[in-house]
Structures are given as C-alpha cells and as structure tokens.
Visitor: 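Take this structure, written in structure tokens, and hold onto it; I'll ask about it next.
None of these values were measured; they are calculated from a predicted model. The chains referred to below are lettered A, B, ... by the order of the sequence lines, with proteins before strands, and numbering in each begins at 1. What's counted below: heavy atoms across the whole structure, side chains too, no hydrogens, waters or symmetry copies.
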Amino acid sequence: MSEQAGASNFIREIVAADHAAGKHGGRVVTRFPPEPNGYLHIGHAKSICLNFGLAHDTPGGICHLRFDDTNPTTENPEYVQAIQDDVQWLGFDWHEKMLFASDYFERLYEFSVRLIQKGLAYVDTLTAEEMRTYRGTLTEPGKNSPSRTRSVEENLGFFRRMRAGEFADGTHTLRAKIDMASPNINLRDPVLYRIRHAAHYRTGNIWCLYPAYDFAHPLSDALEGITHSICTLEFEDHRPLYEWVVEQAEAPHRPQQIEFARLNLTYTIMSKRKLRELVEKKLVSGWDDPRLPTIKGLRRRGYTPEAIRAFCDHIGVAKREAIVEMQLLEYFIREDLNKRTPRVMAVLRPLKVILDNYPEDQSEELEAVNNPEDPSAGTRKVPFSRILYIEQDDFREDPPKQFFRLAPGREVRLRYAYIIKCVGVTKDLQTGEITELHCTYDPTTKSGASQEQRKVKATIHWVSAAHAVKAEVRLYNPLLVTDLAKVPLDHDWTTYLNPNSLERITSCLVEPSLRQTVPGTRYQFERLGYFCTDQDSTSGTLIFNRTVSLKDAWAKIEKAQPAR
RNA sequence: UGGGGGAUCGUCUAGCGGUAGGACGCCGGCCUUUGGAGCCGGCUACCUAGGUUCGAUUCCUAGUCCCCCAGCCA
C-alpha cells in the first residue's frame, strides 16, 4: 500500500493522543471482531480500514482479527474462511493474530465464577418471557428476580451443573447482579451465560454453556490487551456494562471502547440479516452476486481493493449517522480503473454497418492505443474489414438536437480507423426495424495517417464482423429502487428491490484480443464503462461484468431534452 | 415518555473563540480520434431562540428534529 495514512478523524486523534501520552504503555492494539455468521460487506470494510489502518499507522501498532464466535447456532467455518479471504484481499495483515473468542471459553468461565464468588452474578431460573416482564420498560424500572437472592454457594452449584449439562436450554441463565432499576436497560442484570445444547463449529460439544456478547467481548478485548475497542454507535449504551465487566471481573487490562457511525450507502442493503435473506431466498445468485455490496460481490463485479480503501479513507469516521451516495463509491472505482485498465472495443447491442466502397476481400490491422493514461501499456492491432458492427445507440435515423453520432448523411470517425458517412438505411419490411446501415469510408482519413483538418463531431467504437468474438455482458443496476431508510417498517422491504438490477445481454461482440481473457481481468470497453471477465467465463462463452459505466454526458443531455 | 447519542452545502466531511475549507454531485467553459480522462470557473451549508464575549459553527441555557436501547443475537 503506497497511499498515505487515512484522513484524520476523532478516533485517530484519541489514539494518537493516547499513544503520545504513553497510555497503555505506549501500545496501540485494535481488533476487527466479526461474528462468523455471514459474509463481509463494504460497511465492514470501513471498520477494517479503520482498525487495521490505525494499527498500521502507529509505530508498533497491531490489529487482531478476532472471531466473536460465541453463538454456536449461527456460525460456521465457511464464514470464517470467507472473512479471512476478504480481509486479506482488502490488503490487510493480522500478523499471526487470528484469534477466536471460543478459545477463551475456559477463561471466561473462570471470570464468571469469580463474579459469582464476589456476589456479582447469579443463576436465574426465570423463563425468557418472565425475564422480559421483570425487566420493566423504557420508562418503568424492572423488578428483582426471585433468584437474585440465592447464596454464593447455591449459585456456584447451579452454575457448575449448568456447565455439566444437567439443565435444558432456556431453563437457567447466569446474570450479572447490577441494578434492575437502572435507566440504562443494559444494566438491568444482563444475561452473561445461556444454555445451548448445540455443537459449536470449533469447540464441538465440550460446552453447552455459551457466554453472551456483553460478557465475552470486553473480556476477550482485555485478554488480548486491546487498547482501543472500536465499535458502532448502537453499542454506546453498552459501554457502562463493558466497563463494569472489565472492572468487576478483575480483567488484566482495561481497553477503551469508542463508537463510530456505521456506513450506509444509497440504493443498497447493508444489513447482514437482509443480505442473508436475499441469498437464502435466491433473490440473488449468492453472497458474491455482483449486485451486492459484499466484499465478494464487489470483487466479482470488478472493484479493486485500492478503490475500496480509498473510498473508506475519504468517507471519514464520525458519530453522526450518514448515508453516503453510491456515486462516491463509483467515483473511486472509476478513478482507479481509469489509470490501470487497458481499453478495448466491445459492442453491446450490435448494428450492422456495410462499407460499400471497401473491397470485399480486404482487411487490415489498425493500431490501437491500450491506455491513453499509461503510455507504457503500448498498442495492439485491431482488425478492420468491410462489414462492421457499431452500437445501436450510436445511430439515429432522426437525430435529436445535440446528437453528434451517426445519422443518415452524417459522418463520424470510427475509433482508430476511418471517417465514414451514412448513405443508406435498410429496414425490416415487417417490423420497420433498422437491420443494417450502408456507409462509405474515406480512405484518406485513416487514423494517424495525416493530421487532416477534417473534423467530425463524434468518434464511435466498432468491431469487425468477420473477426469479432461473441460474448455475454452483465449490466448491474442499483439493487433497490429507493433508500430503505425511507421505507415504512411494516412494508416487506423486498418489494423495493429493483426488478432490473441485472440485465444480461447475450449477443455482444468484442474485439478478438479478448478471446483469451481470463476471469478477473479488468478492461475499459471504450465509451461504455469498466468491465471484468466473470469467473463463469470460458474460452467458449465469454462473460463480462460491468463494474461501472463511464460518465455519460450524452445520457445526461438526452435525459434533459423534452420528449419528442 | 426513562436512558444514551447526533444535528455544518444536495451527499459525505473539516473546523477545537477570530475570513465556514475539501471531496462527490450539479452548472458553465476549455481541450479531446472515448460526449471518457484532464484542465479552468461557478453553485449551495453552520437546526431554532436566548445568553456570555470585542467577536460564537465552536462556550452556556432552553427548545426542535433524527437515531439507538425493553434478545437467553452480535
């Protein structure tokens, strides 16, 4: 990574100040703590960039990758692997510190025993429903559970038997003894342990007792010597509990919890629950569907880790909830791809063009620039012949104002080739549909041949019919037709999915240099956008994903024009 | 309604008592064999009302609006 350290923000300031003051012995240890119950998305990327970036930019800093795997019913190794892949792909290194909360189960148990011995935790026999009633409401205080007065010995006995598997799920919990009347509901004797007779993907059936987040998280942080425990805003209310646990359990270290606002993006979904719903209901092809904002989806779509990191650096870190416009993400991927991708010509919706005055048996190889942004990318040869295909959008029989492209009697330049003039239009007699164009070319206008003063208003891309390769192209549009924040809660959110989020065009033609393309390769299709070869692409069936379109000035003009 | 947070251009974000800055976006121009890229110029903001102060986006007070919390999820 050669880019500069991330832009400053309030968390960086806190960390820098702590580091300068020698707090925590001058160490900075952060952590990215996903639960392995789903795939990472760009919201996680923000957290990853923050946590790993902070560690990276602080001398001696380190960031742990810790799996918060305290709930055996939702987690599995597939997710663990996917998360590692994604963090690595994004360009970050946990330096051997890949850790698991499940590795702390025994020590966590010891901490809870200590709490019981101090009279600060008790085994409760209330059912879940009773517990809810006893908890009170936002405005009314809760009531003490009858179990709250059990003796230390009794609690210890119960807790041991819970661990031994003597009780069924839901019959007992271990609760912190704090304050049932606290205005902060998280402090009304939160559950520390629950019974789950379920196999954990790492600890198997060793445990039937699992620590809750509010207990496992602060202590895991403390055990790892985390100095700055960065999480999202919804945990602000939990901070007093976090501190209570660390303090009362007499943890070896006191991490500091700091909260920031999670990322939201317009026209997409950033909730793990909803993403899973899309995958499970098969509304998308999988976690790596290029329409999703998952890391895997963005990657398959053609996003680069550099662009995602640049985006994360630029959106900033603050406490106010924000919805970032998708255009900002698109800006960063365009900027990155503009500099690095080779240009090629591809016609998505072909319209046949016959050059009446070009000899039938002739063809030639024209030189094309691979990347005008990068001279070192060199040039390539593109075949040219009498019959070509151009984009349907590049011809209008009755051109509107400001339409500079081809029309009857008009001239345009074929990129890297000649200036042509449209002299005839052939239509299907039945449908009236334009089937082919007759044009003449001007042999004196060959690209680069002379700096003749003849100007044309447009240059369009093309492929040679005899040489072009067939391809499928997948265009992606926003997943949603609106922002979910605006959708009433009682509405089924899936009704706001964009029915046209995926457009498959199967009759595209691409220049022959793409015949040997390999999955994951990125290109700019001139005048259209950035594309990458899909993982499903084979030498027999080329498939390209559109990462993002190019900025389209004409589309904007056309949209602004009055309907004709 | 109890508690915890947050309000600055259309959207993100900076500001730390002294000219409200940047980015995206939008508008206009230049340039161009990509209506791409690049370049130049422009656009619009401190939630409200009081107070402190020579001076307030910043400090204080009172409101308003938005978000989060009543899982044995994280």
Side-chain angles (χ1 to χ4, degrees), chain A residues 7-9 13 33-35 37 68-71 73-74 124 126-128 131-133 135-142 169-175 181-188 190-196 210 212-214 216-217 231-240 259 261 263 266 272-273 311 314-332 334-335 338-339 343 345 369 372-373 402-405 412-417 419 445 447-448 455-461 485 524-529 549-558:
Chain A
S8 192
N9 58 60
E13 282 178 18
E35 183 189 10
N37 68 345
D68 250 357
D69 53 354
T70 55
N71 184 352
T73 59
T74 56
D124 199 355
L126 250 30
T127 64
M131 201 180 289
R132 193 180 337 119
T133 313
R135 189 156 29 231
T137 68
L138 294 179
T139 52
E140 300 158 310
D169 288 5
T171 56
H172 300 271
T173 56
L174 183 74
R175 290 231 257 168
S182 173
N184 181 345
I185 291 178
N186 297 113
L187 262 21
R188 318 242 263 231
V191 168
L192 268 21
Y193 271 92
R194 71 281 209 197
I195 300 171
R196 285 255 200 297
Y210 292 92
Y213 167 86
D214 282 315
H217 198 88
C231 62
T232 45
L233 250 28
E234 68 269 28
F235 294 105
E236 273 178 317
D237 285 353
H238 295 242
R239 196 187 329 129
E259 310 85 9
L263 170 66
T266 55
K272 234 192 220 178
R273 203 206 93 228
F311 170 76
H314 284 252
I315 53 174
V317 177
K319 295 198 74 153
R320 87 176 93 156
E321 298 128 74
I323 306 178
V324 177
E325 289 176 341
M326 193 58 101
Q327 287 108 298
L328 189 62
L329 215 209
E330 293 181 344
Y331 165 78
F332 282 103
R334 282 194 190 104
E335 188 181 63
N338 176 47
K339 284 177 265 169
R343 269 96 246 239
M345 292 198 284
V369 172
E373 303 290 317
Q402 294 184 81
F403 183 85
F404 301 151
R405 282 112 91 146
V412 295
R413 174 175 284 283
L414 294 178
R415 184 102 161 122
Y416 304 120
I419 290 176
T445 59
S447 185
K455 290 276 182 200
V456 288
K457 291 191 109 171
T459 298
I460 66 173
H461 60 279
Q524 184 195 99
F525 287 2
E526 291 217 37
R527 302 209 304 133
L528 297 175
S549 66
L550 244 31
K551 281 208 275 184
D552 188 347
W554 165 242
K556 205 174 277 181
I557 294 166
E558 190 180 31

Visitor: Contact class for A/Ala128 (heavy atom, under 4.0 Å): base, sugar-phosphate, or nothing?
Guide: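 The residue A/Ala128 makes base contact.
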Visitor: Examine the base of B/rC12 for any acceptor or donor lying under 3.5 Å from a partner atom in the side chain of A/Gln327, and report the outcome as yes or no.
Guide: no
Visitor: Indicate, with a heavy-atom threshold strictly under 4.0 Å, whether A/Phe403 touches base, sugar-phosphate, or nothing.
Guide: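 Base contact.
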Visitor: Which part of the nucleic acid, if any, lies within reach of A/Leu126 when heavy atoms closer than 4.0 Å are counted: base, sugar-phosphate only, or nothing?
Guide: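 The answer is base, as A/Leu126 lies within the cut-off (heavy atoms under 4.0 Å) of a base atom.
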Visitor: Ignoring the backbone of A/Thr139, work out which of B/rG6, B/rG2, B/rA37 is nearest its side chain.
Guide: B/rG2
Visitor: Measure from CG on A/Leu233 to P on B/rG3 and round the result to the nearest Å.
Guide: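 After rounding, the gap between these two atoms is 19 Å.
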Visitor: Identify which nucleotide among B/rG35, B/rG15, B/rA70 has an atom closest to any side-chain atom of A/Glu13, counting heavy atoms from C-beta outward.
Guide: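 Given the options B/rG35, B/rG15, B/rA70, the side chain of A/Glu13 is closest to B/rG15.
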Visitor: Rounding to a whole Å, what distance do you find between A/Lys457:NZ and B/rU33:C1'?
Guide: 16 Å
Visitor: Could you check how far CG of A/Asp124 sits from P of B/rC72, rounded to whole Å?
Guide: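 About 11 Å, once rounded to whole Å.
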Visitor: Regarding A/Thr127, tell me which of base, sugar-phosphate or nothing describes its non-hydrogen contacts under 4.0 Å with the strands shown.
Guide: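 Touches a base.
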Visitor: If we call it a pair only when both distances are under 3.5 Å in a Watson-Crick or G-U wobble match, what pairs with B/rA7?
Guide: B/rU64
Visitor: Answer with base, sugar-phosphate or nothing: what part of the nucleic acid does A/Tyr331 contact at a heavy-atom distance below 4.0 Å?
Guide: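 If one applies the 4.0 Å heavy-atom cut-off, A/Tyr331 turns out to touch the sugar-phosphate alone, with no base involved.
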Visitor: Which nucleotide wins on minimum distance to the side chain of A/Asp552, given the candidates B/rU33, B/rG35, B/rC67?
Guide: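 Selected nucleotide (nearest to the side chain): B/rG35.
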Visitor: Which whole-number value in Å describes the distance from A/Glu321 CD to B/rG6 C1'?
Guide: 6 Å
Visitor: Considering only side-chain heavy atoms of A/Thr173, which listed nucleotide, B/rC72, B/rA70, B/rA74, is closest?
Guide: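 Nearest nucleotide to the side chain: B/rC72.
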Visitor: Out of the candidates A/Arg527, A/Glu330, A/Arg334, only one should pair with A/Ser549 under the side chain to side chain contact (heavy atoms under 4.5 Å, CB included) rule; please name it.
Guide: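 Output: one option passes, namely A/Arg334.
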Visitor: Ignoring hydrogens, what is the shortest heavy-atom contact between A/Thr445 and A/Arg413? Give both atom names and the distance.
Guide: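 In terms of heavy atoms, the two residues are closest at O-NH1, 3.1 Å.
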Visitor: Over how many whole Å does the gap from A/Leu174 atom CG to B/rG71 atom P extend?
Guide: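 For the pair A/Leu174 CG and B/rG71 P, the rounded distance is 19 Å.
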Visitor: What I'd like to find out is whether the side chain of A/Thr70 reaches to under 4.5 Å of the side chain of A/Tyr210, using heavy atoms alone.
Guide: no
Visitor: So if I take every side-chain heavy atom of A/Thr137 and compare against B/rU34, B/rC72, B/rA70, which nucleotide ends up nearest?
Guide: B/rA70
Visitor: Ignoring backbone atoms, establish whether A/Arg415 has a side-chain N or O less than 4.0 Å from OP1 or OP2 of B/rG35.
Guide: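 False: A/Arg415 side-chain N/O out of range (4.0 Å or more) of B/rG35 OP1/OP2.
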Visitor: Say you pick atom C1' in B/rC60 and the same atom in B/rC68; how far apart are they, in whole Å?
Guide: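 B/rC60 and B/rC68 have their C1' atoms separated by 27 Å.
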Visitor: Side chain of A/Lys551 only, please: which of B/rG2, B/rA74, B/rG36 is the nearest?
Guide: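 Out of B/rG2, B/rA74, B/rG36, the nucleotide with an atom closest to A/Lys551's side chain is B/rG36.
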Visitor: For A/Lys556, which contact category applies under a 4.0 Å heavy-atom criterion: base, sugar-phosphate, or nothing?
Guide: sugar-phosphate
Visitor: Any luck finding a side-chain donor-acceptor pair between A/Tyr416 and A/Glu526 under 3.5 Å?
Guide: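 Short answer, yes.
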Visitor: Contact class for A/His238 vs. all strands (heavy atom < 4.0 Å): base, sugar-phosphate, or nothing?
Guide: base
Visitor: Can you tell me how far P in B/rA20 sits from the matching atom in B/rU57, rounded to whole Å?
Guide: 9 Å
Visitor: Tell me yes or no: between the side chains of A/Tyr331 and A/Gln327, is some donor less than 3.5 Å from an acceptor?
Guide: no
Visitor: Starting at atom CG of A/Asn184, determine the distance to atom P of B/rA70, rounded to an integer number of angstrom.
Guide: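 In whole Å, B/rA70 P lies 11 Å from A/Asn184 CG.
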Visitor: Less than 3.5 Å between a donor and an acceptor, one on the side chain of A/Thr459 and one on the base of B/rU34, is that the case here?
Guide: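 Answer is no: no donor-acceptor pair is held.
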Visitor: Please give the nucleotide sitting opposite B/rC43 as a Watson-Crick or G-U wobble pair, both distances under 3.5 Å, or none.
Guide: B/rG25
Visitor: Parallel, tilted or perpendicular: which one describes the rings of A/Trp554 and A/Phe403, with boundaries at 30° and 60°?
Guide: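 Taking A/Phe403 first and then A/Trp554, their aromatic rings stand perpendicular (interplane angle over 60°).
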Visitor: Between NE2 of A/His238 and CD of A/Glu259, what distance do you get to the nearest 0.5 Å?
Guide: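 Reported value, rounded in 0.5 Å steps: 10.0 Å.
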Visitor: Between B/rG5, B/rU34, B/rU13, spot the one nearest the side chain of A/Lys319, thanks.
Guide: B/rG5
Visitor: By the rule that syn is within 90° of 0, classify the base conformation of B/rG63 as syn or anti.
Guide: anti
Visitor: Return the nearest nucleotide to the side chain of A/Gln524; candidates are B/rU34, B/rG35, B/rC12.
Guide: B/rU34
Visitor: Could you give the distance from CZ (A/Arg132) to CG (A/Leu126), rounded to the nearest 0.5 Å?
Guide: 11.5 Å
Visitor: From B/rA14, B/rC69, B/rC72, pick the nucleotide closest to the side chain of A/Asp237?
Guide: B/rC69
Visitor: Counting only side-chain heavy atoms from C-beta out, which of B/rA74, B/rA7, B/rU34 sits nearest to A/Arg320?
Guide: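 Looking only at heavy atoms from C-beta outward on A/Arg320, the closest nucleotide is B/rA7.
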Visitor: Classify A/Phe235 by what it touches in the nucleic acid, base, sugar-phosphate, or nothing, heavy-atom distance under 4.0 Å.
Guide: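 Touches a base.
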Visitor: Before accepting this row, confirm whether a basic side-chain N of the pair A/Lys272/A/Glu35 lies closer than 4.0 Å to the acidic partner's carboxylate O.
Guide: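 No.
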Visitor: Determine the contact category for A/Glu558: base if any of its heavy atoms lies under 4.0 Å from a base atom, sugar-phosphate if only primed atoms, P, OP1 or OP2 are that close, otherwise nothing.
Guide: nothing
Visitor: With a 4.0 Å cutoff (strictly under), does any side-chain N or O of A/Arg135 reach OP1 or OP2 of B/rC72?
Guide: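 Checking B/rC72 against A/Arg135, a side-chain N or O does come within under 4.0 Å of OP1 or OP2.
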Visitor: Any side-chain N or O of A/Arg527 below 4.0 angstrom from OP1/OP2 of B/rG35?
Guide: yes
Visitor: Test for a donor-acceptor pair under 3.5 Å between the base of B/rG35 and the side chain of A/Gln402, counting only N and O atoms.
Guide: no
Visitor: For B/rG35, give the paired nucleotide (Watson-Crick: N1-N3 plus N6-O4 or O6-N4; G-U: N1-O2 and O6-N3; both under 3.5 Å), or none.
Guide: none
Visitor: At under 4.0 Å between heavy atoms, what does A/Ile323 touch on the DNA or RNA strands: base, sugar-phosphate, or nothing?
Guide: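 Sugar-phosphate contact only - A/Ile323 comes under 4.0 Å of backbone atoms but never of a base.
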Visitor: Answer with base, sugar-phosphate or nothing: what part of the nucleic acid does A/Arg405 contact at a heavy-atom distance below 4.0 Å?
Guide: base
Visitor: Would you mind classifying the nucleic acid contact of A/Arg343 as base, sugar-phosphate or nothing, using non-hydrogen atoms under 4.0 angstrom?
Guide: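 Result for A/Arg343 = base.
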Visitor: Select base, sugar-phosphate, or nothing to describe what A/Leu328 touches, counting heavy atoms under 4.0 Å on all strands.
Guide: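 Since only primed, P, OP1 and OP2 atoms lie under 4.0 Å of A/Leu328, the category is sugar-phosphate.
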Visitor: Using whole Å, what does the distance between atom P of nucleotide B/rU1 and atom CG of A/Leu138 come to?
Guide: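 To the nearest whole Å, that distance equals 11 Å.
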Visitor: Are any of A/Tyr416's side-chain N or O atoms less than 4.0 Å away from OP1 or OP2 of B/rU33?
Guide: no
Visitor: Base, sugar-phosphate or nothing for A/Glu236? Non-hydrogen atoms, less than 4.0 Å.
Guide: sugar-phosphate
Visitor: Quickly work out the A/Glu330 CD to B/rC12 C1' distance and round it to whole Å.
Guide: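 The answer, rounded to whole Å, is 15 Å.
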Visitor: Tell whether A/Glu234 reaches the base of B/rG5 with its side chain through a donor-acceptor pair below 3.5 angstrom.
Guide: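 No pair found.
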Visitor: Would you check, one step at a time, whether the test side-chain hydrogen bond (donor to acceptor under 3.5 Å, both in side chains) holds for A/Asn184 with A/Ser182?
Guide: CA-CA 5 Å; A/Asn184 181 345; A/Ser182 173; 5.5 Å; no
Visitor: Considering only heavy atoms and no angle criterion, is a donor-acceptor pair shorter than 3.5 Å present between the side chain of A/Arg413 and the base of B/rU33?
Guide: yes
Visitor: Considering Watson-Crick and G-U wobble pairs with both distances under 3.5 Å, what does B/rU53 pair with?
Guide: none
